[in-house]
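Below is one structure, written out as structure tokens; comments come after it.
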Amino acid sequence: NAGVTQTPKFQVLKTGQSMTLQCAQDMNHEYMSWYRQDPGMGLRLIHYSVGAGITDQGEVPNGYNVSRSTTEDFPLRLLSAAPSQTSVYFCASSRTGLNEQYFGPGTRLTVT
Amino acid sequence: AQTVTQSQPEMSVQEAETVTLSCTYDTSESDYYLFWYKQPPSRQMILVIRQEAYKQQNATENRFSVNFQKAAKSFSLKISDSQLGDAAMYFCAYRGLTDMRFGAGTRLTVKP
């Protein structure tokens with residue numbers, strides 16, 4: 001049981017480039033979420049999904065897209081990277097909307 | 001929107017002593033969960049303890065316990081017999097049906 005996996009662990013982008021952060025879970029969890037962590041601000045919710053084919057916006061969705069074609073995978077896409085998107089990104093999953101979430105190891109993204 | 005406030009950016013405790021980390025939250029929802037997560041330097045988010053809002057009994061997990069005051073919207077974490085491995089960032093988190101919010105975190109230092 002791998003839990004929640006994220007790739008890559010580190011990434012450097014130039015302003016304007018696009019990329020996809022990958023997230024997968026093998027626990028058959030319905031709920032999956034993406035967060036960003038900035039210094040002094042805790043984690044903030046970007047997008048979440050309550051099941052395959054269903055996604056919704058969180059607190060800070062601008063500049064990010066998501067899709068959920070399978071229960072296992074929940075990729076996060078940056079369409080045109082900006083320096084303000086420099087952050088650590090966490091993916092998480094949970095069995096239901098109120099249970100504790102299991103987090104991936106995070107991706108440190110730097111946009112220059 | 002729900003908010004979570006951790007008023008102590010940093011705390012320090014002597015090994016084997018007890019420390020309490022504070023957390024307050026604001027919500028109009030009646031059904032929610034509260035969590036404390038630990039984030040060591042590895043940046044992995046680790047669940048410490050959870051509390052269901054409908055339960056009056058305070059949750060405990062070995063050396064970790066909470067003081068949940070629903071009317072006051074307060075959710076503090078007590079760590080007893082502190083160990084060097086407890087040193088980390090601690091995040092208080094609120095989870096409602098459609099939202100999850102984290103506090104800004106408290107950095108706990110454990111002195112030998």
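Just so it is clear, the model here is predicted, and its values are computed rather than measured. Letters go in sequence order (proteins before strands), and every chain restarts at 1.
Listed for the S87(A) side chain is a donor-acceptor partner under 3.5 Å among the backbone atoms of Q37(A).
Other residues, nucleotides and ligands contribute over 12 non-hydrogen atoms within 6.0 Å of the NZ atom of K70(B). The number of heavy-atom neighbours closer than 6.0 Å to OH of Y102(A), taken from other residues, nucleotides and ligands shown, is 12 or below.
Y35(A) and Q101(A) are linked by a side-chain donor-acceptor pair at a separation below 3.5 angstrom, with hydrogens and angles left out of the test. R95(B) and S94(A) form a side-chain donor-acceptor contact under 3.5 Å, judged by distance and modelled atom types alone.
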Working for side chain to side chain donor-acceptor pair (under 3.5 Å), residues R36(A) and Y64(A): CA-CA 11 Å; R36(A) 60 178 290 172; Y64(A) 308 95; 2.9 Å; yes
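Residue V88(A) touches chain B through its side chain alone, counting heavy-atom pairs closer than 4.5 Å. Only the side chain of Y37(B) has a heavy atom closer than 4.5 Å to any heavy atom of chain A. Neither the backbone nor the side chain of D38(A) comes within contact range of chain B; no heavy atoms are under 4.5 Å apart. There is no contact between R44(A) and chain B, counting heavy-atom distances below 4.5 Å.
The distance from the CD atom of E72(A) to the CG atom of N28(A) is 7.0 Å, given to the nearest 0.5 Å.
The stretch residues 39-63 of chain B places Q39(B), R43(B), Q44(B), M45(B), L47(B), R50(B) near chain A, each with some heavy atom under 4.5 Å from a heavy atom of that chain.
Here Y32(B) and Y94(B) bring their ring centres to under 6.0 angstrom of each other.
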